[in-house]
Participant: 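First the structure, then my questions, so here it is.
The shown structure was predicted, so the numbers you read here are calculated from the model rather than taken from an experiment. Quick note on labels: first sequence line is chain A, next is B, and so on, each numbered from 1.
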Amino acid sequence: MAPVAKYYKYWIFLLILGASLPTNAQDTIVSPPLSHRNTLIGYGQRIRGASAKVNQHTRIATTADQLLQGTAAGIYAVQNSGQPAGEMGVHIRGFRSLLASNQPLYVIDGIPYYNETGWSSAGSVFGPAASPLAFLNPQDIGEIRVLKDAATTSLYGSRAANGVVIIRTRRTLPDSLKVSFNISFGTQTPIGTYDLANANEYAGFLNQAYNNAGLDTPYDNPNAFGSGTDWQNIIYRDQAWRQNYHLGISGGGEKINYYLSGEYMDQTGLVIGSDFQRYSFRANIDAQINDRTSLSNSLTFNRVEFNTVASDAGYDETGVDVITGSRIFNPILSHQNADGSINRFHFTADNAGLSSGMLQSILIQPNPLLLAGSTDSKSSTSRVSNNLQLKVSILDQLSLNGTVGVDALFNEEYTFIPGALFLGANQGTGSGAKLDALKFINQYFLEFNQNYSGDQKLDLVAGYSWEGWRREVLAGRSIGFDNETLRYYSLTVGQQKILNSNISEWGMQSFFGMGQYSYKDILNLTLSARADAISIFDNKWSLFPTLAFSWDLRQSSLVRTQKISSLIVHSSIGSTGNQSIPPYSRFSLLNEYNAALNGATINGISIDKIANNKLEVEKTEKYDLGIEVGFKENRLIFDLDFYRENTRNAIGLIPLLATSGFEYGVANIASISNQGLELSASTNHNVGTANASFQFFISLNKNKVESLDLRDQIISGLPFSGITDWSITKSNYSLSTFYKENPDQFEQSILGSAAPKMITGLFSKWDFKDLDFSISLLGAFGQKMINANNFYLKNPTGAFNVLADYLHSNITPAFEPGKPQVLTEDLIEDASYLRIQNITMGYTIPSSLLTGSSIKKLRIYGSAENIFTLTPYSGLDPDVSHFGSLTQYQGVDLGSYPKAKMFLLGLNVDF
Amino acid sequence: MNIRIWIILIILTASSCIHDEDPKSFITPDEFFQEDRDPRAAVDAIYFYINSGNSIYSRQYWLLNALFSDLAVSDGLDPELQQLSEFNLSSENRTIEAIWKGLYAGVAKANYAIQNIASAPISENEITTLLSEARFLRGFFYFDLARFFGDVPIVTEVELDINNIDYPLRSPLDSVYQFIEEDLNFAFENLSATSSPGRPTKYSTAALLCKYYLTIKNYTRAAQASRFLIQSTFILQNDYANLFKNNNQNNAEFIWSANLNSGNGSNINFLTLPYPLGGLGRILPTSSFYEQFEEQDRRREITFIHGYLDNQGNEVSIAPHVQKFWDRSAETIVGDSPVDFPLVRFADILLLHAEALNELRNGSSAEALGAINLVRARARYNGSITLDILPDLDRMDKADFATAILDERERELGWEGHRWFDLVRFGKLEEKVSEAKPGAHVTPTHYLLPIPASELKANKNLIQNPGY
């Protein structure tokens with residue numbers, strides 16, 4: 001239990017919190033019934049297994065995936081970037097895929113949604129990916145459940161391996177008219193800033209670097225510059241607001257019930273030029289048509305608008321970003337001219353006192369404020385989703401369910417980069433892209449429920465579903481604007497135009513069935529299977545069977561002690577799949593190869609990708625053993641789960657021998673295992689008008705590559721800051737293991753892993769009369785991070801501004817432009833952290849004061865988010881990922897858009 | 001009512017079967033070579049591995065020949081380059097890996113064209129023309145593979161399914177050379193004497209054959225090929241300075257070259273110019289290279305730069321850096337040089353001719369001296385007048401003449417991707433390198449490059465070259 005010992009200080013912190021648990025024996029008993037833990041898994045079925053309900057009531061969430069972070073055992077979620085509505089990397093029970101997505105399947109009101117942003121974005125805007133759930137209003141959500149083991153996920157077959165997140169939006173109970181209006185208003189500040197060298201320190205540093213390189217020093221009098229410009233301050237807005245208005249109306253009668261809502265969300269980004277807005281509307285209608293027929297319809301329309309800035313990129317040939325720019329840009333220079341206009345300079349010869357050629361070779365850096373403020377990057381998406389479910393009772397025991405669902409979205413993205421950002425060259429670039437995506441699902445199932453002599457029960461379900469997905473993109477890019485007034489509104493003005501169109505389609509056809517036998521609700525035995533035919537694979541059909549059982553030891557009277565109020569054991573074994581690779585991955589495809597010839601360009605076409613006619617869906621066998629124990633009439637409940645998951649046929653890119661003519665091929669290459677332990681505890685104490693509840697979890701996971709076919713190891717890595725080949729996939733090491741070349745001693749080449757060993761979370765809510773208070777904490781331990789920001793911030797060449805501490809440390813600066821970066825041990829840091837995620841305090845106006853008014857309930861509250869992080873990590877935030885959710889490339893921090901610390905005031909009114 | 005409707009709906013949808021995938025936005029192999037212009041596109045794709053900023057001919061080719069010889073040292077900041085400079089080469093070196101991969105990728109594109117051209121709806125004549133162009137390019141790639149690595153696998157087909165790929169053995173050098181000769185002979189017989197500029201002709205094939213025969217020491221054939229070229233229309237440019245100008249591409253001296261454009265250019269100047277001029281100064285000439293030139297040799301002032309004007313207009317003098325390929329008007333921001341990179345030019349042929357004749361006649365001959373003196377004469381012209389320098393060479397014995405030829409090649413063709421090949425061919429790698437770079441660990445191992453480690457890992461059938 002190395003992590004436990006290693007992170008003792010966090011444990012002490014937790015223990016202090018734990019010690020404040022109220023333990024008054026005279027508490028009134030409020031026991032949550034264990035039966036609610038029979039999870040609704042979809043297709044109308046409930047089962048006992050490893051799942052977790054996500055507590056969503058206090059976090060300030062712009063997107064629903066943020067609610068998954070730190071709220072349930074086994075979920076490691078990373079807020080990849082702090083850009084408003086940025087994507088969350090969600091990993092349930094570990095890393096298990098190389099090329100395929102490791103993100104869970106999101107099922108909203110019974111309809112599977114694609115878990116990747118690429119589905120809903122044409123992909124031309126700057127900055128990191130947005131959340132795939134950005135369209136969904138979190139306040140419309142009634143319940144989120146995370147399904148983890150085979151028992152609960154089995155009915156999702158080829159999409160179940162990464163876990164399933166079941167989201168159910170609000171619906172209404174009969175005869176309960178309620179109008180609720182929620183407003184919140186908040187302000188945001190960056191989670192942190194670096195302490196950097198100021199202008200005179202930097203000038204002195206650069207002088208020294210030049211001097212040591214045998215060059216003339218550029219600045220005669222460094223002290224004359226004073227403190228200079230604080231670029232970090234300049235790119236942030238003075239005030240970054242967040243406002244949200246939500247109106248929910250629920251009501252109905254005996255036959256028809258409805259939930260209607262509208263929302264406006266407006267989150268200004270911390271950085272100038274970035275923001276997020278959402279308009280969403282929902283109508284959920286449930287109707288009992290007659291004795292035998294009921295209908296349930298869920299309709300949403302929403303519009304999401306983003307403005308983004310270039311961030312999370314670094315400063316090299318692969319990218320330029322505002323955030324990194326604000327840290328490394330020359331503090332001697334000023335952001336504005338004497339007349340107050342934005343200084344349109346670059347770090348050019350004149351204002352640095354250097355020769356222009358020298359600067360061209362190393363420092364093509366636009367003013368970060370100019371980069372943020374003069375570029376455009378906007379995305380807007382309109383989306384309509386509707387699904388209609390009809391349930392018909394054919395016989396008393398037999399019913400038929402049918403669902404037709406459509407999700408149609410239309411996305412437009414525009415960007416413009418003025419030529420002024422390219423050292424005066426006439427290289428303005430504009431782009432426009434449109435995406436049209438449609439998903440259609442059609443699914444039917446028969447349910448059969450039969451009770452035999454009261455004690456025995458048989459539930460059967462058998463169904464069929466068909467899904468089709470289509471995504472079409474039309475994009476244009478124009479380079480070299482002679483006149484930039486029209487920006488992207490008239491791409492014809494550009495000199496060079498590049499057009500692109502692309503369509504991709506895939507489909508799936510499935511049969512599924514499940515049989516549950518239960519005896520007195522004590523013993524429960526389940527057998528289920530799903531067969532999926534997926535268009536993406538040549539070998540279309542795959543079968544995913546599961547066997548699960550649960551046994552209530554308390555009810556079966558095997559356990560008689562009064563101290564234990566409930567004791568349930570459940571276990572499952574089953575096969576699940578992961579099919580989330582891009583369509584056409586198995587094909588051999590041709591591509592364009594352009595070359596120069598006599599001053600012109602010739603366009604050749606030749607073979608580009610090698611086929612794999614044996615490509616198969618990834619399969620993950622899941623084993624789970626869980627115990628639920630309740631004490632003190634279930635005031636204290638523990639859940640303990642042991643699991644092991646073996647992923648076989650993990651799909652990856654395999655480097656090929658050059659003589660084949662191809663660099664890479666797609667193949668089923670790896671076996672990966674995850675095993676772990678999850679412990680959750682919840683308590684609820686009630687004394688008079690006071691109530692305190694605690695939910696705590698801790699989970700350990702060990703991720704390991706078991707074997708690799710065809711190769712001993714695969715070294716890869718998307719480039720950042722000139723570093724390539726930094727990630728290794730090798731037997732006995734976890735995925736996302738950092739690597740540097742060291743041919744002599746292999747062990748020294750392994751620099752740690754981005755996979756956390758342990759994650760934990762705590763949520764506590766206290767009510768006292770009209771006051772409520774809640775706190776949530778979360779933490780992840782044992783993962784490492786490449787602090788790539790330090791390529792710049794601890795760079796001895798003087799080419800970039802540096803940390804104040806670094807300047808004062810014992811270093812010898814020397815001007816060495818373009819020195820290749822190498823990955824070194826000291827860039828790898830422990831990224832363990834424990835964060836106070838949210839504190840909320842509320843006050844409900846006593847109902848006695850509201851008598852006579854139409855207001856039923858009035859609550860005002862204040863909430864604070866991302867309050868305090870305890871971490872040994874030296875960067876600003878250990879909870880980031882430069883390469884988004886790509887599992888192979890987790891654990892890189894480079895120019896990450898900082899998370900916001902938020903303070904928010906809100907009002908809930910019920911009429 | 002609704003039960004019947006539902007049953008109808010179920011039947012309707014259940015029959016909508018899973019579709020077979022059709023990649024509508026991509027061309028699949030089945031769909032290609034169906035139209036008459038497809039074979040041309042397939043052949044044009046091969047040029048990506050020569051005429052582009054991604055090809056080894058705009059990057060690694062000149063760099064290796066400079067650093068892995070007596071011409072250049074690296075500044076030590078990039079360990080990969082330093083390995084080459086110090087002859088401390090590991091099989092992990094990225095330059096070597098890029099050369100291997102780039103050449104075999106070119107071979108694969110050529111193979112794909114050669115395999116399929118005949119199945120397209122075009123005439124026999126067109127088939128032959130395109131085949132000979134593709135086989136010229138394949139022979140060209142294999143010739144460099146053989147010179148760099150020695151025994152190499154001969155691959156003649158592209159396998160399109162990963163499950164069936166071949167793990168070839170290295171073929172003996174003799175069979176590789178035989179294979180090259182067949183390709184080049186086919187091209188020589190079928191290519192016309194002229195082509196659109198930049199594409200191979202009968203003459204560029206003869207130029208390759210000349211080099212090829214010299215390399216395999218068939219001096220008779222080599223001299224035949226060079227004589228064939230000397231008797232053709234190729235001439236030397238009047239002024240050496242005009243050779244490396246963007247507006248003088250595919251001129252009458254260039255027999256075969258890597259055509260480059262802005263946006264698809266070489267990084268040569270970025271690596272060799274000093275940083276006050278926009279380069280990194282990463283690869284620097286050795287003093288022995290610099291001192292090889294007479295002071296007023298036109299080639300010295302074109303090859304090297306000794307100073308620049310700072311932003312106050314003052315002359316700043318610096319150690320010599322190579323600027324040969326820097327056309328200032330065409331490359332205002334250094335890093336993407338559009339200047340064509342000559343692979344064989346007429347001056348090269350003249351010197352090869354002298355080299356072959358020296359072997360055949362066991363010493364200088366009037367014909368050989370005529371060829372080399374032509375090259376020397378041109379270098380006397382300083383842009384306005386002809387100087388009295390670089391006297392014509394006179395009769396000498398075989399060894400001295402060989403030295404004279406090698407030195408002339410250094411002056412005339414330095415930095416153009418010839419030097420390591422030349423030193424290997426002359427058997428003078430150790431001698432010349434240890435003179436120029438006393439610290440370099442040059443050994444007979446370095447007459448070949450190592451097979452890249454990545455290839456050895458991916459293909460267990462390959463054996464490393466001795467010494468690596």
Side-chain angles (χ1 to χ4, degrees), chain A residues 293 349 355-358 360-361 392 394 400 402 442 444 464 466 501-504 506-509 533 535-536 540 583-584 587-590 593-599 601-607 610-614 655-661 665 667 711 741 743 816-820, chain B residues 2-3 6 10 13-14 16-19 21 23-29 32 41-42 44-45 47-48 51-52 77-78 90 92 100-101 104-105 108-109 112 153 155 158-163 165 168 197-198 249-250 259-261 264 275-280 310-311 333-334 454-455 458-459:
Chain A
T293 314
S355 77
S356 62
M358 187 183 303
Q360 283 170 11
S361 66
V392 183
I394 299 169
L400 173 66
N442 210 333
Y444 303 95
Y464 164 82
W466 182 86
S501 62
N502 180 284
I503 176 166
S504 66
W506 68 276
M508 189 166 88
Q509 186 175 226
S535 67
I536 293 169
K540 300 225 172 330
Y584 320 125
F587 281 89
S588 176
L589 301 172
L590 286 87
Y593 289 85
N594 297 338
L597 194 79
N598 198 38
T601 299
I602 50 171
N603 309 106
I605 297 171
S606 190
I607 199 78
I610 191 164
N612 186 345
N613 292 328
K614 292 181 182 165
L656 292 179
L657 54 171
T659 50
S660 70
R711 296 284 182 279
E741 235 168 67
E816 295 172 332
K819 183 177 178 175
Chain B
N2 34 47
I3 293 175
W6 277 112
I10 291 174
T13 57
S16 60
C17 258
I18 192 86
H19 61 287
E21 268 190 313
K24 289 179 183 152
S25 293
F26 298 96
I27 304 170
T28 58
F32 203 54
D44 282 356
Y47 288 89
F48 177 79
N51 296 355
S52 82
L77 289 179
D78 186 337
S90 103
E92 310 257 351
W100 174 276
K101 284 186 172 171
Y104 269 110
K109 297 295 181 278
Y112 187 64
V155 185
V158 183
E159 171 54 54
L160 297 181
D161 186 342
I162 194 170
N163 300 294
I165 53 175
Q249 310 202 79
N250 296 313
N259 282 204
L260 299 172
N261 286 348
N264 232 345
Y275 44 73
L277 290 169
L280 291 176
D310 71 8
N311 51 355
I333 294 178
V334 171
S454 60
E455 191 72 0
N459 181 1

Participant: Quick one, B/Asn459 and A/Ser660 - any side-chain contact, counting heavy atoms below 4.5 Å?
Facilitator: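 No, every pair of side-chain atoms sits at 4.5 Å or beyond.
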
Participant: What's the spacing between B/Lys101 NZ and A/Thr659 OG1 if we round to 0.5 Å?
Facilitator: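 One finds 11.5 Å between NZ of B/Lys101 and OG1 of A/Thr659.
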
Participant: How long is the span from the CG atom in B/Leu260 to the CG atom in A/Leu597, to the nearest 0.5 Å?
Facilitator: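 Rounded to the nearest 0.5 Å, the CG-CG separation comes to 11.0 Å.
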
Participant: With a 4.5 angstrom heavy-atom cut-off, which part of A/Ile602 approaches chain B: side chain, backbone, both or neither?
Facilitator: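 Only the side chain of A/Ile602 comes within 4.5 Å of chain B.
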
Participant: What distance separates A/Tyr584 OH from B/Glu21 CD, expressed to the nearest 0.5 Å?
Facilitator: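 Nearest 0.5 Å value for the OH-CD distance: 6.0 Å.
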
Participant: Determine whether A/Leu589 and B/Thr28 make a side-chain contact, defined as any pair of heavy atoms from C-beta on separated by less than 4.5 Å.
Facilitator: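 Yes, at least one pair of side-chain atoms sits under 4.5 Å.
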
Participant: Using a 4.5 Å cut-off on heavy atoms from C-beta on, say whether the side chain of B/Asp44 contacts that of A/Tyr593.
Facilitator: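 They are not in contact (no side-chain heavy atoms under 4.5 Å apart), so the answer is no.
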
Participant: For B/Pro197, is it the side chain, the backbone, both, or neither that has a heavy atom closer than 4.5 Å to a heavy atom of chain A?
Facilitator: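 The answer is both parts of B/Pro197.
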
Participant: Is it the backbone or the side chain of B/Ile165 that comes under 4.5 Å from a heavy atom of chain A, or both, or neither?
Facilitator: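 Only the side chain of B/Ile165 comes within 4.5 Å of chain A.
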
Participant: Short question: side chain of B/Lys109, backbone of A/Ile607 - any donor-acceptor pair under 3.5 Å?
Facilitator: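 Checking the backbone N and O of A/Ile607 against the side chain of B/Lys109, a donor-acceptor pair under 3.5 Å is found.
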
Participant: Contact part of B/Phe32 toward chain A, heavy-atom cut-off under 4.5 Å: side chain, backbone, both or neither?
Facilitator: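 Looking at B/Phe32, just its side chain touches chain A.
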
Participant: How long is the span from the NZ atom in A/Lys614 to the CG atom in B/Asp161, to the nearest 0.5 Å?
Facilitator: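 Output value for this atom pair is 7.5 Å.
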
Participant: Report the distance from atom CG of A/Asn598 to atom CG of B/Asn259, rounding to the nearest 0.5 Å.
Facilitator: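 Reported to 0.5 Å precision, the distance equals 6.0 Å.
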
Participant: Going from CG on A/Asn613 to CG on B/Asn163, what distance comes out if it is rounded to the nearest 0.5 angstrom?
Facilitator: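 Going from the CG atom of A/Asn613 to the CG atom of B/Asn163 covers 7.0 Å.
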
Participant: When you measure from the side chain of B/Asn51 to the backbone N and O of A/Ala596, does any donor-acceptor pair fall under 3.5 Å?
Facilitator: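 Flag set: sc B/Asn51 to bb A/Ala596 pair under 3.5 Å.
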
Participant: Between A/Ser501 and chain B, with a heavy-atom cut-off of 4.5 Å, which part of the residue counts as in contact: side chain, backbone, both or neither?
Facilitator: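 It is the backbone, since no side chain atom gets that close.
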
Participant: Show the nearest heavy-atom pair for residues A/Leu657 and B/Pro168, with the distance to one decimal.
Facilitator: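 Shortest heavy-atom contact: CD1-CD, 4.0 Å.
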
Participant: Restricting to non-hydrogen atoms, name the atom on A/Asn594 and the atom on B/Asn264 that form the minimum distance, rounded to 0.1 Å.
Facilitator: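 Distance-wise, the nearest heavy atoms are O-ND2, 4.0 Å.
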
